[in-house]
Engineer: 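Before I ask anything, here is the structure I am working with.
Residue numbers begin at 1 in each chain, while the letters A, B, ... track the order of the sequences.
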Amino acid sequence: MSAAAEAIRPPRDGTLGRLSDFLWRRPGLFLLLMLTPPLLWLGIIYVGSLFALLLQSFFSIDEFSGLIRHEFTLKTYAELLRPSNFDIIVRTVSMAAVVTLAAGVIALPIAYYAARYARGRWKAAFYLAVMLPLWSSYLVKVYAWKLILAKEGILNWLFAKLHLTWALEALLAIPVIGGNSLSVSYIGTFLVFVYVWLPFMILPMQAALERVPGNLIEASADLGAGTGQTFRHVVFPLALPGIIAGSIFTFSLTLGDYIIPQIVGSSRLFIGQAVYAHQGTAGNIPLAAAFTVVPIVIMGFYLWVAKRQGAFDAL
Amino acid sequence: AEMMSKLGSGEGQVDIVAWPGYIERGETDKAFDWVTAFEQKTGCKVNVKSANTSDEMVALMNEGGFDLVTASGDASLRLIAGKRVQPVNTALIPSWSTVDERLQNAPWHTVDGTHYGTPYQWGPNVLMYSTEAFKEAPKSWKVVFEEMTLDDGKSNAGRVQAYDGPIHVADAANFLMHHKPELGIKSPYELNEDQYKAALDLLREQRKLVSRYWHDAFIQIDDFKNEGVVASGSWPFQVNLLKGEGQKIDSTIPVEGATGWADTTMMHADAAHPNCAYMWMEHSLSPKVQGDLAAWFGSVPAVPAACKGNELLGDEGCKTNGFEDFARIKFWQTPVSKCESQGQCVPYYRWVSDYIGVIGGR
Amino acid sequence: MTAAVLFQNVSRHFGRIRAVDGVDLEVAAGEFFAMLGPSGSGKTTCLRLIAGFEQPDTGHIEIFGETAEGIPPYRRNVNTVFQDYALFPHLSVLDNVAYGLRMRGIDKAARRREAAEALALVKLPDYGGRRPAQLSGGQRQRVALARAIVNKPRVLLLDEPLGALDLKLREQMQEELKALQQALGITFVFVTHDQGEALSMADRVAVFNEGRIVQVGAPAEIYRRPRTRFVADFVGSSNVLPPEFTERHGGGRRWSSLRPEAIVIATAAPEGSGPGSLAATVLATYYHGATTRIVAEAEMTRLNVLVPASAGLLRPGDRVWLTWQPDDLHAMEDHA
Amino acid sequence: MTAAVLFQNVSRHFGRIRAVDGVDLEVAAGEFFAMLGPSGSGKTTCLRLIAGFEQPDTGHIEIFGETAEGIPPYRRNVNTVFQDYALFPHLSVLDNVAYGLRMRGIDKAARRREAAEALALVKLPDYGGRRPAQLSGGQRQRVALARAIVNKPRVLLLDEPLGALDLKLREQMQEELKALQQALGITFVFVTHDQGEALSMADRVAVFNEGRIVQVGAPAEIYRRPRTRFVADFVGSSNVLPPEFTERHGGGRRWSSLRPEAIVIATAAPEGSGPGSLAATVLATYYHGATTRIVAEAEMTRLNVLVPASAGLLRPGDRVWLTWQPDDLHAMEDHA
Amino acid sequence: MRSDRTGRSGRSPLMLKLAAGAGLLFLHLPILIIFVYAFTTEEKSYQWPPPDLTVKWFAIAWERPDVRDALWLSVRTAATATAVALVLGTLCAAAVSRTRFFGREAISLLVILPIALPGIITGIALRSAFSLAEIPFSFWTIVLGHATFCVVIVYNNAVARFRRTSGSLIEASMDLGANGFQTFAHVILPNIGTALLAGGMLAFALSFDEVIVTTFTAGQQATLPIWMLEELVRPRQRPVTNVVAMLVVAVTFLPILAAYYLTRDGDQVQGQGK
Ligand SMILES: Nc1ncnc2c1ncn2[C@@H]1O[C@H](COP(=O)(O)OP(=O)(O)OP(=O)(O)O)[C@@H](O)[C@H]1O
Ligand SMILES: Nc1ncnc2c1ncn2[C@@H]1O[C@H](COP(=O)(O)OP(=O)(O)OP(=O)(O)O)[C@@H](O)[C@H]1O
Ligand SMILES: NCCCCN
Ligand SMILES: [Mg+2]
Ligand SMILES: [Mg+2]
């Protein structure tokens, strides 16, 4: 093999060859070309729509005809902060927080087991066992819960069979969260929310737990920490970003859902329902838009915290 | 839009916003079908979007994309004021003359002598109850407004429902009209601040009894079957369906009388299929359709001729459904500030937000 | 005196892989003990058996006379310096070092004080507030060391602790580790696959191959008197010579080893050319700075010769004479 | 003769980091050229400038007399052996090797034949069908080599190609690489931070520090006559001595370097003790097999001495005398 | 001790096992109920326990034109949205992982936004944008909504793979004489292919089940979930809905399984971003 060839080859013919050279010399332009389609889509269409929506919250509605008056006003925001609407916000945010917490608590053992103990086939089985409910029809799942929770439903039937009806009744007798039956109580709404969003919590949590290096766990044991201590001092803090990532989903999904509280709930509105109702039923787009500002602000804050915790990589 | 002066040929389809149960093509029960024949005759395919409240109907019409809407009285004037609907040329609707005279010039679709639609059906919001919880038909709306022990020995708390629409405030006002005459309520849709406050207070009391408000007719049916609900204001439609399934259910109009609705088929100002729309309006006034629908929904036909000789409705049907109660029924209409009876009333938009508050526990 | 670590016929197999296979081992208290062997020879597994991360399939392990089987790692007074340090990234350096004390319930003030002392011992007194990510490789290694020694373990296990460091740093850390061991008097068990490191640091070296210990002894013994071809080959770049060669040059009919630096090279034939003298041809030379390695061929055998770099330059093809002390041609256990 | 690679005052800065800073460089055609320097000194960046992955901020680069700036990597007849090999995991070994030929539009039969030849050259004739994942580190390294040389590049760039290999394999590959370069006659530019590797393999060595070339020269020159303290320190573990010491022992008032192996150690005082003779105390000894390193202190200065392992054993605290040839105390450019 | 193989002690604590098992049971029992109801003979209400079992609903479901129309619309929507998401997600991932530039962080935030914000916001925002721009509802308005939140799924998968694929592969390819396009075809695509496939399948499944955004962007068109929403309320042949639900589970199960096996060796399937 002799070294007789020229040191620099001439440019390749053809459009592609020349284009490649051209773009290679202008990496900035190349980057721009790559980013243009997604930026057009997400940055212009999507974010543009969001802004258009926000803009509408500064309009108001003619109360009689239901038509929008295209004049700048803060009236709609004043309306948003009326006690009855404020209740909706508080109710929704509390529910989202409680659901997130509960989903975290239930998800943890599953995620932890799958991440640290399940192997090979079992691991795949675990994964599918989480994915299957995740991808089963959301609506049908919610409906299944309506049937489970109804007064004449499966859970009552089961409790009756087990002679535990008294326990259920005691639960429902709790003020505020109880009610006439599970399907018309906050407990019911909460249960369904937790159920439906649980897989969204498990997967990022599992991924995060898996990313905790095994050697740190050994190092901890080596330094005298028992299993529980290792979990508290090493595993949990290190998995926290992933847990936060998971909580973004449960929190955000709860904030915006309008189907679950409508099917299982006590007719007290949640933000999603209020948005849906004002947009669709009442045709009050400005108020609906003002309502959407609440989850946007909350999630904005949430994302900011998540970002600082490095949770984005875990999404 | 200008009123149509001449009919052309059909555009192949017509899009209608309707109350649930209003436009049937035999999918639930083969006997009730007043769409298939129309489609075959005119070549206009009928697409139906059902809406559960008047507000929803207004919103859908505001959004556009529909030709017709079966608007109740509390929606129709809003649609007219918002210029969402167009005047109809009754000359293009041969059956116009057969319409019940009480409805032909009704104020909820006639403005300055111009008609904005064809009457469709009317009827009362009845009190539906379980015959297991009540030995005999309840006499008063009290059973859904005040806590009491029912005939089955259990409290009504958690076992009654109310309509999830601001117009339900009128039901409370109607109740007060009877029980608190000192408030001086003339019309349940025209309330001054004091009357309004009294109605809201009553509704707040009712909130304690209601587990879940009903929004969708079918969900109410479910709730009666699966959630142990025993009494609620309702439409005859639900009563019919439940009875049809053999549930122990009946309905009544208590002493206080009832609110009710009178619906008008109205045409969108920008209807894309005006010819089919006119054809549908004509079709909707045929005695067969009117009678079948009345039988199906438990309502009263807008065409008296339908009361005779309809197989499904039967000869007593119109009477049963309240043909003679026209005067007792306080038909839905939109509350406005400048009201006839007392000059200054609480307008509808406050009904909307306050009712959300009441349901939310405020 | 009880051994610091005692293995009696210990085996640990993973499926068909015999990671550790019938090992007998005795590490004396206070000793600096090195485990040397190629990759996959079972060194790490041995260490993990001592630390308690693995349990023996068969055999018996004692640590300072106490049975170790079935005792979880966190109940053994043994600490490990991991090859990749395994520092907790979410804790400060000080908290890393104090971790073991905290797990034992030592109160905050006391553990901070002790941790600070340990950091001073590894010459990082002012680094307590940093995160591990803010340290260089050598600094991390010292933190790992401090984190282990602060617990005053009876045995300190080190798994290739210098593997990730570059040459300069490595040499420096070797000295420091050795000094520290002498100062603390703790038993060190040190795993490496670098024979230079093992020879220069350890009191005794165990050479591993395929899950077994092939030879245990003082560094000079291992280097000068390798028991098998494997050891000769692995420990330093010895010339391993076939039985015929050994026989021709006055040994028995065995494989033998001849250290490159034991060979003297000359451009003229030596006086009396008896056994331990050979005419050869230079094949290549490699300049290493302090030394030059000469590859020469004699009797169809390639021989490496290490000469001081200052020795006269040879070129490939040069004719040379090789001589060595008969004693340096060390016959090993391997027969023909 | 045109240089294979020519840098004229080439700089490449990343923000405030001066990765390569005003470098002048000439690599002769057919040369085995090594770039040696600590981590972050700019070696890789230099290589990437030759390959075309980086463009100089200022300065001029020529490859065999042709201007290289603005020419994309795929148009340079230069190939690289990457430190992590960068084999295509989705292609077989043969397809990996044939990749460059395929991109140049060579037909299938021809490129398979040439790839097979290249694989034979790196002694992996039967491995064409495997996936890279099925190879050991050393085998991968050879595939990477074959993949580069099959294109008959005019310059072959190697970025620490042996960094990931273990000691034994590394020594073996060093020999093979050197032999291959001599056989092919291609210009090799070889990056390493291991001075032993650089000294033993290269025709010439460039020592990098902080983006600049500190010294270029033949290995022995770099080793024996380091120009600065940095070079003395980095190339071999020399004793770097302060100006006062140099002055006392007959040099100028400059920093000087004294190679450990240039020092002769004796337990008795030499005859006439003039310059280049010193009484010292042994601090520590490190047995390395072939050699023993003795750390001794004299005149408040620590000195490393390298002696053959067979030399009589010394113990810490022993009193010794150190002597060296005046010539070996090499005064460097650094002043007091 | 470098210990990837470790840190996982052999046996798990019993309590953990029980809690994990209970959690999984909680996840699965309701789904079983759906399956059981697909076989009930009772069609109007949901009686428990079912009076009797039958398979007739499968045939009936297949006969119903509205089911088939909805199914077809959902398939077309999901396929188109996935295709769009694949292009946009890959471009984004490539740009973000190959280069560092100003605003890089903003882009990853932008991509995450459509799933981090509740779906109703995406839905209502698009809907009001459509009405402002006077865009009538169509197949494409649904796709627009779906692709927006599918991008992140593809993006996450692609970014993870890019991160795992050594950047030097691309340099190696160029070094060996391949220009940008050749490198894309011969090196980049083969290496990120399975990740894209996995991301694409998950995006498909996500779009296939989406109801909230669709409600706002579909107008009067019915995708399968929209159809179900209508159908679940109407007491007409309710078991048909459950048959369809079961079918959807079966249909989405395979892509998920495939996605898992495609990305198993290495990065996690990024399926959580539903
Ligand atoms: N948990 C395990 N499962 C399966 N095989 C294992 C396990 N641990 C170790 N092995 C195998 O046992 C053998 C010995 O491994 P060990 O890690 O002890 O070697 P080592 O001498 O430390 O090697 P290195 O120098 O590469 O670290 C190897 O073949 C390894 O692959
Ligand atoms: N793309 C880049 N962006 C920013 N800084 C860079 C980049 N490439 C190199 N550097 C910096 O330039 C300096 C020189 O890097 P280079 O990789 O050339 O060093 P090196 O001599 O090869 O080191 P090593 O032995 O660690 O490989 C380093 O400080 C490095 O961090
Ligand atoms: N982002 C919407 C979640 C829908 C659940 N299937
Ligand atoms: Mg090991
Ligand atoms: Mg480098």
Engineer: Which distance, rounded to the nearest 0.5 Å, do you find between the NE2 of A/His278 and the CG of B/Asp55?
Structural biologist: 10.5 Å

Engineer: Decide side-chain contact (heavy atoms from CB on, under 4.5 Å) for B/Arg212 and A/Ser183; before the verdict, give the C-alpha distance in whole Å, the side-chain angles of both, and the deciding distance to 0.1 Å.
Structural biologist: CA-CA 9 Å; B/Arg212 175 157 61 207; A/Ser183 73; 4.1 Å; yes

Engineer: With only heavy atoms counted, which part of B/Ser353 is less than 4.5 Å from chain A, the side chain, the backbone, both or neither?
Structural biologist: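 Answer is both: backbone and side chain atoms of B/Ser353 are under 4.5 Å from chain A.
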
Engineer: A/Ala150 and B/Asn226: which non-hydrogen atoms are nearest, and at how many Å?
Structural biologist: CB-O, 3.9 Å

Engineer: Is there a donor-acceptor contact under 3.5 Å from the side chain of B/Arg362 to the main chain of A/Asn85?
Structural biologist: no

Engineer: Tell me, for B/Asp223 versus chain A, whether the close heavy atoms (under 4.5 Å) come from the side chain, the backbone, both or neither.
Structural biologist: side chain

Engineer: Rounded to the nearest 0.5 Å, what's the gap from CG on B/Asp216 to CD on A/Gln262? Could you check?
Structural biologist: 8.0 Å

Engineer: Please evaluate residues A/Ile88 and B/Ile356 with respect to the criterion side-chain contact (heavy atoms from CB on, under 4.5 Å), reporting the C-alpha separation (whole Å), side-chain torsions for both, the decisive distance (0.1 Å), and the verdict.
Structural biologist: CA-CA 10 Å; A/Ile88 294 175; B/Ile356 290 178; 4.0 Å; yes

Engineer: With a 4.5 angstrom heavy-atom cut-off, could you sort out which part of B/Ala157 is near chain A: side chain, backbone, both or neither?
Structural biologist: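 Contact with chain A involves the backbone of B/Ala157 alone.
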
Engineer: Heavy-atom count check: over 12 atoms from other residues, nucleotides or ligands less than 6.0 Å from A/Phe301 CZ?
Structural biologist: no

Engineer: Show, in sequence, the C-alpha distance, side-chain angles and deciding distance for B/Arg207 and A/Arg268, and conclude whether the side-chain contact (heavy atoms from CB on, under 4.5 Å) test is met.
Structural biologist: CA-CA 10 Å; B/Arg207 180 64 184 109; A/Arg268 294 186 182 90; 3.3 Å; yes

Engineer: Is the CD atom of B/Gln342 crowded by more than 12 outside heavy atoms at less than 6.0 Å?
Structural biologist: yes

Engineer: Which one wins on heavy-atom pair count under 4.5 Å against chain B: A/Ala274, A/Ser181, A/Gly265?
Structural biologist: A/Gly265

Engineer: At a heavy-atom separation under 4.5 Å, does A/Val264 approach chain B through its side chain, its backbone, both, or neither?
Structural biologist: backbone

Engineer: If we ignore hydrogens and angles and just use 3.5 Å, is the side chain of A/Arg82 paired with the main-chain N or O of B/Gly357 as donor and acceptor?
Structural biologist: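 Checking the backbone N and O of B/Gly357 against the side chain of A/Arg82, no donor-acceptor pair under 3.5 Å is found.
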
Engineer: Check whether more than 12 heavy atoms from other residues, nucleotides or ligands sit under 6.0 Å from atom OH of A/Tyr77, and answer yes or no.
Structural biologist: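 Atom OH in A/Tyr77 is packed in, count exceeds 12.
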
Engineer: Nearest 0.5 Å, please: how far is CG in A/Asn180 from CG in B/Leu209?
Structural biologist: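 If I round to the nearest 0.5 Å, the distance is 10.5 Å.
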
